[in-house]
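Shown next, in C-alpha coordinates, is the structure this report addresses.
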Amino acid sequence: MSENTTLEKRGNFTGKIGFVLAAAGSAVGLGNIWRFPYLAAEYGGGIFLLVYIILAVTFGFALMAAEILIGRKTGLSAIGAFKALDKRFSFVGVLAAIVPAIILPYYCVIGGWVAKYIAVFATGKAQAAADGGDYFTNFISGTAEPIGWFFLFLALTAVVVLLGVEKGVERVSKIMMPLLVVMIIGITVYVFCQPGALAGLKYYLVPDFSHFKATTVLAAMGQLFYSMSLAMGIMITYGSYMKKDVNVESSVHNIEIFDTGIAFLAGLMIVPAVTASGGDMSKGPGLMFVALPKVFDGMFGGTVIGLVFFILVFFAAITSSISLMETVVSIVKDKFKLSRTVSCIIVLAICLLLGIPSALSNGGILSGIKIIGYGFLDFFDFISNSVLMPIVALITCIFVGYVLKPKALIAEAEECGNKFKAKRLFTVVIKYIAPICIVLILGFSVLEAMGVITV
Ligand code: PFF
(Lines give C-alpha, C1' and ligand atoms only; values in the text may rest on other atoms or scores of the structure.)
Protein backbone atom coordinates (compact mmCIF):
# COMPACT_ATOMS: atom_id res chain seq x y z
CA MET A 1 0.00 0.00 0.00
CA SER A 2 1.22 3.42 -0.84
CA GLU A 3 2.32 5.54 2.05
CA ASN A 4 1.63 8.81 0.41
CA THR A 5 2.10 11.21 3.28
CA THR A 6 -0.39 13.80 2.21
CA LEU A 7 -3.03 11.19 1.93
CA GLU A 8 -1.87 9.28 4.96
CA LYS A 9 -2.07 12.27 7.21
CA ARG A 10 -5.44 12.99 5.79
CA GLY A 11 -6.35 9.43 6.73
CA ASN A 12 -9.71 8.98 5.22
CA PHE A 13 -11.00 12.04 3.48
CA THR A 14 -13.52 13.53 5.85
CA GLY A 15 -16.24 13.53 3.26
CA LYS A 16 -17.15 14.38 -0.25
CA ILE A 17 -15.93 17.96 -0.11
CA GLY A 18 -12.56 16.90 1.29
CA PHE A 19 -12.19 14.31 -1.42
CA VAL A 20 -13.27 16.57 -4.27
CA LEU A 21 -10.97 19.38 -3.13
CA ALA A 22 -7.97 17.09 -2.76
CA ALA A 23 -8.52 15.42 -6.13
CA ALA A 24 -9.16 18.76 -7.83
CA GLY A 25 -5.98 20.13 -6.24
CA SER A 26 -4.02 17.39 -7.96
CA ALA A 27 -5.95 17.72 -11.20
CA VAL A 28 -5.81 21.48 -11.64
CA GLY A 29 -2.33 22.56 -12.62
CA LEU A 30 -0.15 23.43 -15.56
CA GLY A 31 -2.21 21.01 -17.63
CA ASN A 32 -5.17 23.35 -17.45
CA ILE A 33 -3.47 26.71 -17.72
CA TRP A 34 -0.38 26.06 -19.81
CA ARG A 35 -1.01 22.89 -21.80
CA PHE A 36 -4.71 23.00 -22.70
CA PRO A 37 -4.66 26.47 -24.35
CA TYR A 38 -1.61 25.78 -26.51
CA LEU A 39 -3.01 22.44 -27.69
CA ALA A 40 -6.37 24.04 -28.45
CA ALA A 41 -4.57 26.75 -30.43
CA GLU A 42 -2.44 24.21 -32.28
CA TYR A 43 -5.17 21.67 -33.06
CA GLY A 44 -7.77 23.89 -34.65
CA GLY A 45 -9.47 25.67 -31.72
CA GLY A 46 -13.18 24.88 -31.68
CA ILE A 47 -12.80 21.39 -33.05
CA PHE A 48 -10.28 20.52 -30.33
CA LEU A 49 -12.57 21.97 -27.68
CA LEU A 50 -15.54 19.98 -28.97
CA VAL A 51 -13.62 16.70 -29.12
CA TYR A 52 -12.21 17.37 -25.66
CA ILE A 53 -15.61 17.99 -24.09
CA ILE A 54 -17.12 14.89 -25.71
CA LEU A 55 -14.21 12.81 -24.42
CA ALA A 56 -14.43 14.37 -20.96
CA VAL A 57 -18.07 13.46 -20.38
CA THR A 58 -17.65 9.92 -21.72
CA PHE A 59 -14.07 8.59 -21.34
CA GLY A 60 -13.11 11.02 -18.63
CA PHE A 61 -16.14 10.24 -16.52
CA ALA A 62 -15.94 6.45 -16.93
CA LEU A 63 -12.21 6.18 -16.41
CA MET A 64 -12.08 8.47 -13.41
CA ALA A 65 -14.99 6.63 -11.78
CA ALA A 66 -13.34 3.27 -12.54
CA GLU A 67 -10.00 4.31 -11.06
CA ILE A 68 -11.47 5.81 -7.90
CA LEU A 69 -13.68 2.74 -7.42
CA ILE A 70 -10.76 0.33 -7.93
CA GLY A 71 -8.88 2.24 -5.26
CA ARG A 72 -11.80 2.32 -2.86
CA LYS A 73 -12.67 -1.33 -3.40
CA THR A 74 -9.15 -2.56 -2.67
CA GLY A 75 -7.97 0.16 -0.31
CA LEU A 76 -4.66 -0.01 -2.19
CA SER A 77 -2.72 2.19 -4.60
CA ALA A 78 -2.24 1.23 -8.26
CA ILE A 79 0.41 -1.51 -8.14
CA GLY A 80 -1.15 -3.25 -5.14
CA ALA A 81 -4.71 -2.74 -6.35
CA PHE A 82 -4.29 -4.47 -9.72
CA LYS A 83 -2.28 -7.23 -8.07
CA ALA A 84 -4.97 -7.80 -5.45
CA LEU A 85 -7.75 -7.94 -8.02
CA ASP A 86 -5.96 -10.17 -10.53
CA LYS A 87 -2.28 -11.12 -10.49
CA ARG A 88 -2.12 -11.24 -14.29
CA PHE A 89 -2.84 -7.53 -14.39
CA SER A 90 -0.14 -6.42 -11.92
CA PHE A 91 1.86 -5.04 -14.84
CA VAL A 92 -0.80 -2.36 -15.45
CA GLY A 93 -0.07 -0.91 -12.03
CA VAL A 94 3.64 -0.86 -12.85
CA LEU A 95 3.03 0.73 -16.25
CA ALA A 96 0.79 3.35 -14.65
CA ALA A 97 3.49 4.06 -12.08
CA ILE A 98 6.04 4.86 -14.79
CA VAL A 99 3.88 7.72 -16.13
CA PRO A 100 4.25 10.20 -13.24
CA ALA A 101 7.99 9.46 -13.15
CA ILE A 102 8.24 10.59 -16.78
CA ILE A 103 5.98 13.61 -16.31
CA LEU A 104 7.49 14.98 -13.09
CA PRO A 105 10.89 16.07 -14.49
CA TYR A 106 9.52 18.05 -17.40
CA TYR A 107 6.65 19.35 -15.26
CA CYS A 108 9.36 20.94 -13.10
CA VAL A 109 11.01 22.42 -16.21
CA ILE A 110 7.76 24.23 -17.08
CA GLY A 111 7.27 25.11 -13.40
CA GLY A 112 10.71 26.73 -13.69
CA TRP A 113 9.52 28.81 -16.64
CA VAL A 114 6.64 30.07 -14.47
CA ALA A 115 9.09 30.93 -11.67
CA LYS A 116 11.26 32.81 -14.19
CA TYR A 117 8.24 34.88 -15.26
CA ILE A 118 7.49 35.75 -11.63
CA ALA A 119 11.03 37.13 -11.50
CA VAL A 120 10.56 38.93 -14.83
CA PHE A 121 7.48 40.75 -13.53
CA ALA A 122 8.96 41.34 -10.07
CA THR A 123 12.11 42.95 -11.42
CA GLY A 124 10.47 45.35 -13.83
CA LYS A 125 11.32 43.45 -17.02
CA ALA A 126 7.71 42.94 -17.97
CA GLN A 127 7.99 45.21 -20.97
CA ALA A 128 10.98 43.35 -22.38
CA ALA A 129 9.04 40.10 -22.14
CA ALA A 130 6.16 41.58 -24.14
CA ASP A 131 7.99 41.47 -27.45
CA GLY A 132 5.95 38.72 -29.07
CA GLY A 133 8.34 35.83 -28.54
CA ASP A 134 12.03 36.75 -28.82
CA TYR A 135 12.44 37.28 -25.09
CA PHE A 136 10.98 33.86 -24.35
CA THR A 137 12.98 32.18 -27.12
CA ASN A 138 16.19 33.72 -25.81
CA PHE A 139 15.39 32.52 -22.32
CA ILE A 140 14.72 28.90 -23.23
CA SER A 141 17.61 28.81 -25.69
CA GLY A 142 20.04 29.53 -22.87
CA THR A 143 21.75 26.98 -20.68
CA ALA A 144 22.22 28.32 -17.16
CA GLU A 145 18.84 30.03 -16.94
CA PRO A 146 16.44 27.22 -17.91
CA ILE A 147 18.48 24.78 -15.80
CA GLY A 148 18.64 27.18 -12.86
CA TRP A 149 14.90 27.80 -12.79
CA PHE A 150 14.23 24.10 -13.23
CA PHE A 151 16.50 23.36 -10.23
CA LEU A 152 14.70 25.94 -8.16
CA PHE A 153 11.26 24.57 -8.89
CA LEU A 154 12.39 20.99 -8.36
CA ALA A 155 14.16 21.89 -5.12
CA LEU A 156 11.06 23.64 -3.76
CA THR A 157 8.92 20.62 -4.61
CA ALA A 158 11.44 18.27 -3.00
CA VAL A 159 11.74 20.36 0.17
CA VAL A 160 7.98 20.30 0.66
CA VAL A 161 7.86 16.55 0.08
CA LEU A 162 10.90 15.84 2.28
CA LEU A 163 9.71 18.00 5.15
CA GLY A 164 6.19 16.69 4.79
CA VAL A 165 4.67 20.17 4.87
CA GLU A 166 2.17 19.57 2.08
CA LYS A 167 -0.69 20.48 4.41
CA GLY A 168 0.54 24.05 4.63
CA VAL A 169 0.90 24.35 0.87
CA GLU A 170 -2.56 22.88 0.42
CA ARG A 171 -4.05 25.38 2.80
CA VAL A 172 -2.47 28.29 0.94
CA SER A 173 -3.49 26.88 -2.41
CA LYS A 174 -7.10 26.64 -1.31
CA ILE A 175 -7.09 30.43 -1.19
CA MET A 176 -4.96 30.79 -4.30
CA MET A 177 -7.11 28.61 -6.55
CA PRO A 178 -10.33 30.66 -6.34
CA LEU A 179 -8.20 33.79 -6.74
CA LEU A 180 -6.66 32.34 -9.87
CA VAL A 181 -10.09 31.67 -11.34
CA VAL A 182 -11.23 35.21 -10.58
CA MET A 183 -8.09 36.57 -12.15
CA ILE A 184 -8.42 34.47 -15.29
CA ILE A 185 -11.99 35.75 -15.71
CA GLY A 186 -10.86 39.35 -15.23
CA ILE A 187 -8.02 39.04 -17.74
CA THR A 188 -10.36 37.32 -20.20
CA VAL A 189 -12.82 40.22 -20.03
CA TYR A 190 -9.96 42.65 -20.67
CA VAL A 191 -8.70 40.56 -23.62
CA PHE A 192 -12.20 40.50 -25.15
CA CYS A 193 -12.18 44.28 -25.23
CA GLN A 194 -9.03 44.35 -27.37
CA PRO A 195 -9.23 44.74 -31.15
CA GLY A 196 -8.58 41.44 -32.89
CA ALA A 197 -9.75 39.29 -29.96
CA LEU A 198 -12.98 38.33 -31.68
CA ALA A 199 -11.18 36.32 -34.35
CA GLY A 200 -9.48 34.27 -31.62
CA LEU A 201 -12.74 33.82 -29.77
CA LYS A 202 -14.37 32.53 -32.92
CA TYR A 203 -11.44 30.23 -33.63
CA TYR A 204 -11.66 28.85 -30.09
CA LEU A 205 -15.42 28.37 -29.88
CA VAL A 206 -16.63 27.52 -33.37
CA PRO A 207 -15.58 24.07 -34.56
CA ASP A 208 -14.07 23.99 -38.03
CA PHE A 209 -14.35 20.39 -39.18
CA SER A 210 -11.70 20.86 -41.84
CA HIS A 211 -9.15 20.90 -38.98
CA PHE A 212 -10.21 17.46 -37.81
CA LYS A 213 -7.48 14.80 -37.79
CA ALA A 214 -6.83 11.57 -35.90
CA THR A 215 -4.07 13.39 -34.05
CA THR A 216 -6.63 15.97 -32.86
CA VAL A 217 -8.43 13.19 -31.02
CA LEU A 218 -5.18 11.70 -29.76
CA ALA A 219 -3.99 15.07 -28.49
CA ALA A 220 -7.37 15.73 -26.83
CA MET A 221 -7.36 12.29 -25.24
CA GLY A 222 -3.80 12.62 -23.95
CA GLN A 223 -4.67 16.05 -22.59
CA LEU A 224 -7.74 14.66 -20.86
CA PHE A 225 -5.71 12.00 -19.08
CA TYR A 226 -2.99 14.49 -18.17
CA SER A 227 -5.37 17.13 -16.95
CA MET A 228 -7.57 14.85 -14.89
CA SER A 229 -4.57 12.91 -13.56
CA LEU A 230 -5.91 9.70 -15.13
CA ALA A 231 -4.15 6.57 -16.37
CA MET A 232 -1.27 7.03 -13.97
CA GLY A 233 -2.55 5.42 -10.82
CA ILE A 234 -3.16 8.71 -9.02
CA MET A 235 -6.93 8.45 -8.80
CA ILE A 236 -6.63 4.84 -7.61
CA THR A 237 -4.56 6.05 -4.67
CA TYR A 238 -6.99 8.89 -3.97
CA GLY A 239 -9.88 6.40 -4.13
CA SER A 240 -8.15 4.13 -1.65
CA TYR A 241 -8.53 6.84 0.98
CA MET A 242 -12.17 7.54 0.23
CA LYS A 243 -14.85 6.48 2.68
CA LYS A 244 -17.57 4.09 1.57
CA ASP A 245 -20.39 6.51 2.22
CA VAL A 246 -19.12 9.12 -0.26
CA ASN A 247 -20.94 9.31 -3.57
CA VAL A 248 -18.30 8.57 -6.23
CA GLU A 249 -20.49 9.45 -9.18
CA SER A 250 -21.28 12.97 -8.11
CA SER A 251 -17.71 13.50 -6.86
CA VAL A 252 -16.43 12.61 -10.33
CA HIS A 253 -18.87 15.06 -11.90
CA ASN A 254 -17.65 17.79 -9.57
CA ILE A 255 -13.97 17.19 -10.28
CA GLU A 256 -14.66 17.00 -13.98
CA ILE A 257 -16.59 20.27 -14.08
CA PHE A 258 -13.94 21.98 -12.00
CA ASP A 259 -11.02 20.75 -14.06
CA THR A 260 -12.59 21.23 -17.48
CA GLY A 261 -14.02 24.59 -16.45
CA ILE A 262 -10.60 25.97 -15.54
CA ALA A 263 -9.01 24.63 -18.72
CA PHE A 264 -11.83 26.14 -20.78
CA LEU A 265 -11.39 29.51 -19.09
CA ALA A 266 -7.63 29.45 -19.60
CA GLY A 267 -8.19 28.84 -23.33
CA LEU A 268 -10.76 31.61 -23.41
CA MET A 269 -8.14 33.96 -22.01
CA ILE A 270 -5.11 32.87 -24.06
CA VAL A 271 -6.43 32.03 -27.55
CA PRO A 272 -8.13 35.42 -28.19
CA ALA A 273 -5.04 37.08 -26.66
CA VAL A 274 -2.98 35.50 -29.43
CA THR A 275 -5.06 37.04 -32.23
CA ALA A 276 -5.39 40.34 -30.39
CA SER A 277 -1.61 40.63 -30.21
CA GLY A 278 -1.05 39.48 -33.78
CA GLY A 279 0.77 36.36 -32.60
CA ASP A 280 0.60 32.95 -34.17
CA MET A 281 -1.28 29.91 -32.89
CA SER A 282 1.55 27.46 -33.40
CA LYS A 283 3.83 28.74 -30.65
CA GLY A 284 3.43 25.42 -28.86
CA PRO A 285 4.58 25.16 -25.23
CA GLY A 286 5.63 28.81 -25.22
CA LEU A 287 2.17 30.17 -26.05
CA MET A 288 1.20 31.32 -22.56
CA PHE A 289 4.60 32.93 -21.96
CA VAL A 290 4.47 34.80 -25.23
CA ALA A 291 0.80 35.85 -25.43
CA LEU A 292 0.14 36.94 -21.85
CA PRO A 293 3.04 39.37 -21.26
CA LYS A 294 1.77 41.27 -24.31
CA VAL A 295 -1.67 41.48 -22.75
CA PHE A 296 -0.26 42.65 -19.41
CA ASP A 297 1.89 45.21 -21.17
CA GLY A 298 -1.14 47.03 -22.50
CA MET A 299 -3.03 46.96 -19.21
CA PHE A 300 -3.21 49.61 -16.56
CA GLY A 301 -1.17 48.16 -13.67
CA GLY A 302 -0.19 45.29 -15.94
CA THR A 303 3.13 44.59 -14.22
CA VAL A 304 1.47 43.96 -10.87
CA ILE A 305 -1.38 42.01 -12.44
CA GLY A 306 1.12 39.89 -14.39
CA LEU A 307 3.15 39.29 -11.25
CA VAL A 308 0.13 38.16 -9.25
CA PHE A 309 -1.04 36.00 -12.15
CA PHE A 310 2.24 34.12 -12.44
CA ILE A 311 2.41 33.67 -8.65
CA LEU A 312 -1.04 32.08 -8.72
CA VAL A 313 -0.09 29.81 -11.63
CA PHE A 314 3.02 28.89 -9.69
CA PHE A 315 0.84 27.69 -6.81
CA ALA A 316 -1.36 25.64 -9.09
CA ALA A 317 1.81 24.12 -10.55
CA ILE A 318 3.56 23.37 -7.28
CA THR A 319 0.57 21.62 -5.70
CA SER A 320 0.49 19.35 -8.75
CA SER A 321 4.24 18.74 -8.80
CA ILE A 322 4.13 17.90 -5.09
CA SER A 323 1.37 15.38 -5.73
CA LEU A 324 3.37 13.93 -8.64
CA MET A 325 6.55 13.66 -6.57
CA GLU A 326 4.68 12.17 -3.61
CA THR A 327 3.36 9.50 -5.91
CA VAL A 328 6.73 8.62 -7.39
CA VAL A 329 8.45 8.67 -3.98
CA SER A 330 5.87 6.36 -2.45
CA ILE A 331 6.18 3.94 -5.36
CA VAL A 332 9.99 3.82 -5.05
CA LYS A 333 9.69 3.51 -1.27
CA ASP A 334 7.21 0.63 -1.36
CA LYS A 335 8.72 -1.21 -4.30
CA PHE A 336 12.33 -1.18 -3.08
CA LYS A 337 11.58 -1.05 0.65
CA LEU A 338 13.63 2.10 1.16
CA SER A 339 13.30 4.96 3.60
CA ARG A 340 11.40 8.04 2.57
CA THR A 341 14.54 10.18 2.47
CA VAL A 342 16.50 7.72 0.31
CA SER A 343 13.48 7.33 -2.00
CA CYS A 344 13.28 11.10 -2.28
CA ILE A 345 16.95 11.32 -3.23
CA ILE A 346 16.52 8.63 -5.90
CA VAL A 347 13.52 10.47 -7.34
CA LEU A 348 15.50 13.70 -7.34
CA ALA A 349 18.30 11.97 -9.27
CA ILE A 350 15.80 10.68 -11.86
CA CYS A 351 14.35 14.19 -12.16
CA LEU A 352 17.76 15.70 -12.78
CA LEU A 353 18.65 13.03 -15.31
CA LEU A 354 15.47 13.51 -17.32
CA GLY A 355 14.83 17.16 -16.53
CA ILE A 356 18.18 18.67 -17.60
CA PRO A 357 17.93 17.38 -21.20
CA SER A 358 14.30 18.61 -21.27
CA ALA A 359 15.33 22.07 -20.06
CA LEU A 360 17.91 22.30 -22.83
CA SER A 361 15.81 20.90 -25.66
CA ASN A 362 13.77 23.96 -26.64
CA GLY A 363 16.34 25.95 -28.52
CA GLY A 364 19.09 25.19 -26.01
CA ILE A 365 22.27 23.23 -26.66
CA LEU A 366 20.46 19.90 -26.85
CA SER A 367 17.73 21.02 -29.22
CA GLY A 368 19.50 19.32 -32.13
CA ILE A 369 18.96 15.90 -30.56
CA LYS A 370 15.69 14.35 -31.69
CA ILE A 371 14.03 11.12 -30.64
CA ILE A 372 11.48 10.01 -33.23
CA GLY A 373 11.38 13.59 -34.39
CA TYR A 374 10.86 15.13 -30.94
CA GLY A 375 13.19 17.11 -28.71
CA PHE A 376 13.59 15.71 -25.17
CA LEU A 377 10.77 17.68 -23.51
CA ASP A 378 8.31 17.02 -26.32
CA PHE A 379 9.39 13.38 -26.43
CA PHE A 380 8.67 12.84 -22.72
CA ASP A 381 5.38 14.66 -23.15
CA PHE A 382 4.46 12.55 -26.18
CA ILE A 383 5.51 9.20 -24.77
CA SER A 384 3.60 9.72 -21.51
CA ASN A 385 0.45 11.42 -22.81
CA SER A 386 0.01 9.96 -26.25
CA VAL A 387 1.45 6.47 -25.80
CA LEU A 388 1.66 5.19 -22.23
CA MET A 389 -1.51 6.77 -20.86
CA PRO A 390 -3.75 5.56 -23.69
CA ILE A 391 -2.25 2.08 -23.27
CA VAL A 392 -2.83 2.10 -19.50
CA ALA A 393 -6.37 3.39 -20.08
CA LEU A 394 -7.01 0.70 -22.68
CA ILE A 395 -5.88 -2.15 -20.43
CA THR A 396 -7.77 -0.68 -17.48
CA CYS A 397 -10.96 -0.67 -19.58
CA ILE A 398 -10.39 -4.24 -20.74
CA PHE A 399 -9.69 -5.31 -17.18
CA VAL A 400 -12.77 -3.60 -15.73
CA GLY A 401 -14.99 -4.49 -18.71
CA TYR A 402 -14.17 -8.14 -19.08
CA VAL A 403 -12.27 -9.44 -16.04
CA LEU A 404 -13.53 -7.57 -13.00
CA LYS A 405 -16.83 -6.66 -14.76
CA PRO A 406 -18.48 -3.21 -14.52
CA LYS A 407 -21.10 -4.68 -12.15
CA ALA A 408 -18.48 -5.09 -9.45
CA LEU A 409 -17.54 -1.40 -9.59
CA ILE A 410 -21.14 -0.27 -9.88
CA ALA A 411 -21.89 -2.21 -6.70
CA GLU A 412 -18.89 -0.53 -5.07
CA ALA A 413 -20.24 2.87 -6.18
CA GLU A 414 -23.66 2.09 -4.72
CA GLU A 415 -22.19 1.32 -1.28
CA CYS A 416 -22.90 4.96 -0.46
CA GLY A 417 -26.60 4.19 -0.59
CA ASN A 418 -27.32 6.13 -3.78
CA LYS A 419 -28.01 4.59 -7.18
CA PHE A 420 -25.24 4.87 -9.77
CA LYS A 421 -27.22 6.85 -12.33
CA ALA A 422 -24.89 6.56 -15.31
CA LYS A 423 -24.62 2.75 -15.11
CA ARG A 424 -25.37 2.24 -18.79
CA LEU A 425 -22.99 4.95 -19.96
CA PHE A 426 -20.27 3.62 -17.66
CA THR A 427 -20.66 0.03 -18.86
CA VAL A 428 -20.88 0.85 -22.56
CA VAL A 429 -17.94 3.25 -22.48
CA ILE A 430 -15.71 0.91 -20.49
CA LYS A 431 -16.58 -2.24 -22.44
CA TYR A 432 -16.91 -1.02 -26.00
CA ILE A 433 -16.52 2.66 -26.82
CA ALA A 434 -13.30 3.44 -24.97
CA PRO A 435 -11.31 0.32 -25.98
CA ILE A 436 -12.37 0.55 -29.63
CA CYS A 437 -11.73 4.27 -29.85
CA ILE A 438 -8.36 4.07 -28.12
CA VAL A 439 -7.18 1.34 -30.50
CA LEU A 440 -8.44 3.28 -33.53
CA ILE A 441 -6.97 6.58 -32.37
CA LEU A 442 -3.60 5.05 -31.58
CA GLY A 443 -3.57 3.13 -34.87
CA PHE A 444 -4.54 6.10 -37.03
CA SER A 445 -2.14 8.41 -35.26
CA VAL A 446 0.78 6.06 -35.80
CA LEU A 447 -0.12 5.76 -39.48
CA GLU A 448 -0.57 9.50 -39.75
CA ALA A 449 2.73 10.17 -38.02
CA MET A 450 4.43 7.75 -40.43
CA GLY A 451 2.85 9.58 -43.33
CA VAL A 452 0.99 6.45 -44.49
CA ILE A 453 -2.38 8.21 -44.37
CA THR A 454 -3.62 11.76 -44.19
CA VAL A 455 -6.95 12.12 -42.48
N1 PFF B 1 -3.33 17.10 -13.67
C2 PFF B 1 -2.19 17.93 -13.48
C3 PFF B 1 -2.27 19.11 -14.41
O4 PFF B 1 -3.24 19.21 -15.17
O5 PFF B 1 -1.38 19.94 -14.38
C6 PFF B 1 -0.92 17.18 -13.72
C7 PFF B 1 -0.76 16.13 -12.68
C8 PFF B 1 -0.62 16.50 -11.38
C9 PFF B 1 -0.80 14.84 -13.00
C10 PFF B 1 -0.50 15.58 -10.40
C11 PFF B 1 -0.66 13.90 -12.03
C12 PFF B 1 -0.54 14.29 -10.73
F13 PFF B 1 -0.36 13.42 -9.79
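One-based numbering, in listed order, for ligands and for the atoms of each.
- Ordered by chain and residue number, the residues placing a heavy atom less than 4.0 Å from ligand 1 are S26, A27, G29, L30, G31, N32, Y107, Y226, S227, S229, M232, I234, S320, S323, L324.
- Taking the six-membered ring for Trp and the full ring otherwise, the centers of Y106 and F380 sit at least 6.0 Å from each other.
- Partner W113 forms a ring pair (Phe, Tyr, Trp, His ring centres under 6.0 Å) with one of F289, W149, F153, F314 and no other, that one being F289.
- L69 places none of its side-chain heavy atoms less than 4.5 Å from the side chain of K73.
- Side-chain atoms of R35 do not come within 3.5 Å of backbone N or O of L30 as any donor-acceptor pair.
- In this structure a side-chain-to-backbone donor-acceptor pair under 3.5 Å is missing from E67 to I234.
- Within the 4.5 Å cutoff, the side chain of F150 has heavy atoms near those of the L352 side chain.
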